Amino acid sequence: MSQDYIATAKKWLEGDFDPETKMKVLELRNNDPAGFEDAFYKTLEFGTGGLRGLMGVGTNRMNRYTVGMATQGLANYILKKVKGDDIRVCISYDSRNNSKMFAKITADILSANGLHVFIFDNIRPTPELSYSIRKKGAVAGVMVTASHNPKEYNGYKVYWSDGAQIVPPTDKEIIEEVSRVTEPSQVRFVRGEHCGEVELMGKDVDEAYINDILSLTLSPEARERHSDIKIVYTPLHGCGVRIVPECLKRMGFSNVIHVPEQDISDGDFPTVVSPNPEEPAAMKMALEMADRKGADIVMASDPDADRLGIAVRDDEGRMVQFNGNQTASMLTYYILTRWKELGKLDPTKYCVKTIVTTELIADICKGFGVKCYDVLTGFKWIGEIVRNNEGKGEFICGGEESYGFNIGEYVRDKDAPIACMMVAECAAWAADQGLTLYQLMQRIYKEYGYRKESMVYLVRTGKSGAEEIQGIMDKMRSNPAKDLAGSPVVKVVDYNKPEETGLPKSNVLQYFDEYGDVVTVRPSGTEPKIKFYFGAKGEDADAKLARFKEQFIS
């Protein structure tokens, strides 16, 4: 909500804020008028997934006060909803600047409110935080991370007792409690005599997590025969370095090659412009290492190790990067093939994908006679399906185009360590058949039809940017596209109309043509972007994508 930013900033200068914060407010006011307005014109929204924003002073920034007020609101909600003498919350954090500080503040406030806190002794991946919640019998969890965002950002993701990110109605109820905390004076920053216990988590949870996810593997004999596959892995300065190499080692892969500079956990991400495996530049050093060492596969996880990007050798020996749709499709095909061979498939088993993820996954599931759910963008909706099906069905795997994938029910969020393990095992299984991963992907296209997807985004920052993005959505609703590059649109889906979609309300538009092509438009929920997802079907899919981009990005 927009607010009088000058009056709000004055409260920070005159109120009970620390001297360093006040000095930074003055510096911002005197030297960066636009930045000053952006820092105070609204309160950083505690959205359906928590907080995410630029770090710095101000109500619209990630800092000890905005984190503190959000945490007090979360504590108030938990204490209203849950009764008992041992109410537990788990906390983890990644390698970003200030993540450890924000995690400690969160732990102190939750403890000061009488809650029993389990906090990791060092950086750990987001999926391990998800895992720890159920392992420790916690009612909630907090992961301090901004995932794959640039170094200037940090964030705060809230999880519930099932280990998944919060969804309705819990998210809205927490938001209401957070909105009632309007001043730092309402926050219990300091632990007192009757505070809750704070316990460190470490190797105990690591061991349990690794052992459980290793139980998901499917082809031990193939791994043994091809244990020498050369794999370059980079954590991009993040949490994955603590888990992924150990998992691959225990699977028997003996040729895992590191990028030493990127094994260093550093919130400045010094070797990349953006620590996002979706960006080709982020994998540059790993690809160079692969060429020097003659590696077969490159894997890169983002700072909180929930997303995975991969590259494989094509038939000319060149490294080519798979996008998230390709990786998810390939893994789904491999897992369903092995489950069928092992006699594990039955009508109670299912997969899940998001609405912006390739329809190839749905086609693969149909080919195996497996139900495939479609959910809104965001892995929390996949987690919700898993929770709703507990006792009725078994989750096989699920993915999203933005490089997220998960297998099994131990973790209720996307999981790069699990995905790394399964990509390596899939490579060994393919090698048993005389195939590379690239050739396996071509076989999948031959069997189910060629599909190609791409995503383009426009960045629009600040207050004016948010207004421009909403203006684009409004225009597209009032004047919907009549065709997709000349092919008539046969269906328009507006996810602002839950009565029509059967899904929660969401600011998303989709256009479908008669050939199965689809264009989806949605503002990002975590970044100042509007995203255009293009999906094309058929031998001319690449040409169609170019025409879609020309039509919608002009």
Side-chain angles (χ1 to χ4, degrees), residues 322-326 328-330 332-333 336 350-377 381 398-402 441-458 472-523 530-554:
F322 276 11
N323 60 36
N325 286 305
Q326 291 172 308
S329 297
M330 179 185 71
T332 300
Y333 178 84
L336 292 183
Y350 64 92
C351 297
V352 192
K353 74 175 191 69
T354 65
I355 59 174
V356 298
T357 301
T358 178
E359 291 299 310
L360 179 56
I361 291 175
D363 293 342
I364 293 168
C365 289
K366 184 178 179 180
F368 281 89
V370 170
K371 181 176 178 59
C372 182
Y373 289 90
D374 251 340
V375 297
L376 294 176
T377 307
W381 303 111
E400 60 184 0
E401 58 76 39
S402 55
M441 195 69 232
Q442 304 315 305
R443 187 169 86 176
I444 294 169
Y445 284 140
K446 185 176 181 180
E447 186 172 349
Y448 292 96
Y450 184 62
R451 287 184 180 269
K452 188 72 176 289
E453 295 81 21
S454 68
M455 190 271 288
V456 179
Y457 59 81
L458 302 176
I472 293 171
M473 295 300 297
D474 292 342
K475 183 178 179 181
M476 294 191 73
R477 281 195 168 90
S478 60
N479 296 289
K482 300 295 192 295
D483 65 89
L484 300 183
S487 175
V489 168
V490 296
K491 183 170 69 171
V492 178
V493 181
D494 186 348
Y495 289 88
N496 256 353
K497 301 176 179 179
E499 67 279 5
E500 296 180 7
T501 66
L503 296 174
K505 184 177 180 180
S506 186
N507 191 14
V508 184
L509 283 169
Q510 279 190 319
Y511 302 101
F512 296 85
D513 70 11
E514 58 187 335
Y515 299 110
D517 306 317
V518 58
V519 173
T520 308
V521 188
R522 61 177 283 268
I530 182 167
K531 296 184 174 182
F532 297 81
Y533 302 82
F534 303 118
K537 184 179 181 181
E539 295 300 322
D540 60 343
D542 293 270
K544 285 183 183 179
L545 290 181
R547 295 199 297 271
F548 294 163
K549 291 175 185 177
E550 184 178 346
Q551 178 180 352
F552 286 88
I553 311 295
S554 58

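Positions are given from 1 along the sequence. Everything numeric here is computed off the predicted structure, so don't read it as measured data. Side chains included, hydrogens not; waters and symmetry mates left out as well; all remaining heavy atoms used.
Residues E514 and P488 have side chains in contact (heavy-atom distance under 4.5 Å, counting atoms from C-beta outward). Using a 4.5 Å heavy-atom threshold, the side chains of R522 and S506 count as separate. Within the 4.5 Å cutoff, no side-chain heavy atoms of N507 are placed close to those of Y495. Counting only heavy atoms from C-beta outward, the side chains of E500 and D494 never approach each other to under 4.5 Å. A 4.5 Å side-chain heavy-atom check between C351 and C365 finds at least one atom pair inside the cut-off. With a 4.5 Å cut-off on side-chain heavy atoms, F534 and M455 do not count as touching. Counting heavy atoms from C-beta outward, T354 and D374 have side chains that stay 4.5 Å or more apart. With contacts defined as side-chain heavy-atom distances shorter than 4.5 Å, the pair Y333/R443 qualifies.
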| said: Does Y511 form a side chain to side chain contact (heavy atoms under 4.5 Å, CB included) with K482? I'd like the steps, not just the answer. | reply: CA-CA 9 Å; Y511 302 101; K482 300 295 192 295; over 6 Å; no
| said: Checking L509 against M473 for the side chain to side chain contact (heavy atoms under 4.5 Å, CB included) test, could you report, in this order, the C-alpha distance in whole Å, the side-chain angles of both residues, the deciding distance, and whether it holds? | reply: CA-CA 8 Å; L509 283 169; M473 295 300 297; 4.2 Å; yes
| query | Please walk me through it: do K452 and L545 pass side chain to side chain contact (heavy atoms under 4.5 Å, CB included)? | reply | CA-CA 8 Å; K452 188 72 176 289; L545 290 181; 3.2 Å; yes
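Nearest heavy atoms, F548 versus G535: CE1-O, 3.8 Å. For R547 against A485, the heavy-atom pair with the smallest separation is CB-CB, 3.6 Å. Here the closest non-hydrogen pair linking L336 and V370 is CD2-CG2, 4.2 Å. Shortest non-hydrogen contact noted between I472 and I530 is CG2-CD1, 3.6 Å. Taking all atoms of both residues into account, the shortest heavy-atom contact from C372 to I361 is SG-CG2, 4.3 Å. For the residue pair L503 and I355, the shortest heavy atom distance occurs at CD1-CG2, 4.4 Å.
With rounding to the nearest 0.5 angstrom, the CD atom of E400 is 12.0 Å from the CG atom of L376. The NZ atom of K505 sits 9.0 Å away from the CD atom of E499 when rounded to the nearest 0.5 Å. Taken to the nearest 0.5 Å, the CG atom of N496 stands 9.5 Å off from the OG1 atom of T501.
Within the 3.5 Å criterion, the main-chain N or O of D474 finds a donor-acceptor partner in the side chain of S478. Panel note: side chain K544, backbone K537; a donor-acceptor pair is recorded below 3.5 Å. Without hydrogens or angle criteria, Q551 side chain to D483 main chain gives a donor-acceptor distance under 3.5 Å. Judged purely by atom type and a 3.5 angstrom limit, T357 uses its side chain to pair as donor or acceptor with the backbone of E401. Between the side chain of N323 and the main chain of Q326, a donor-acceptor pair closer than 3.5 Å is present.
Side-chain contact annotation: T358 with E453, donor-acceptor N/O pair under 3.5 Å present. Using a 3.5 Å distance cut-off with no hydrogens or angles, the side chains of S329 and T332 do not pair a donor with an acceptor. Checked by atom type, the side-chain pair Y533/Q510 shows no donor-acceptor distance below 3.5 Å.
Sorted by first and then second residue, the ring pair (Phe, Tyr, Trp, His ring centres under 6.0 Å) pairs involving residues 353-375 (not counting sequence neighbours) are Y350-Y373.
Just one residue in the list T520, V493, V492 forms a side-chain contact (heavy atoms from CB on, under 4.5 Å) with F512, and that residue is V493.
With respect to K491 and D513, no salt bridge is recorded, no charged nitrogen being found less than 4.0 Å from a carboxylate O.
Ring-plane geometry between F552 and F532 is classed as tilted, the angle between the planes lying from 30 to 60 degrees on a 0 to 90 degree scale.
Counted within 6.0 Å of OH on Y450, heavy atoms from surrounding residues, nucleotides or ligands total more than 12; the atom is thus considered enclosed.
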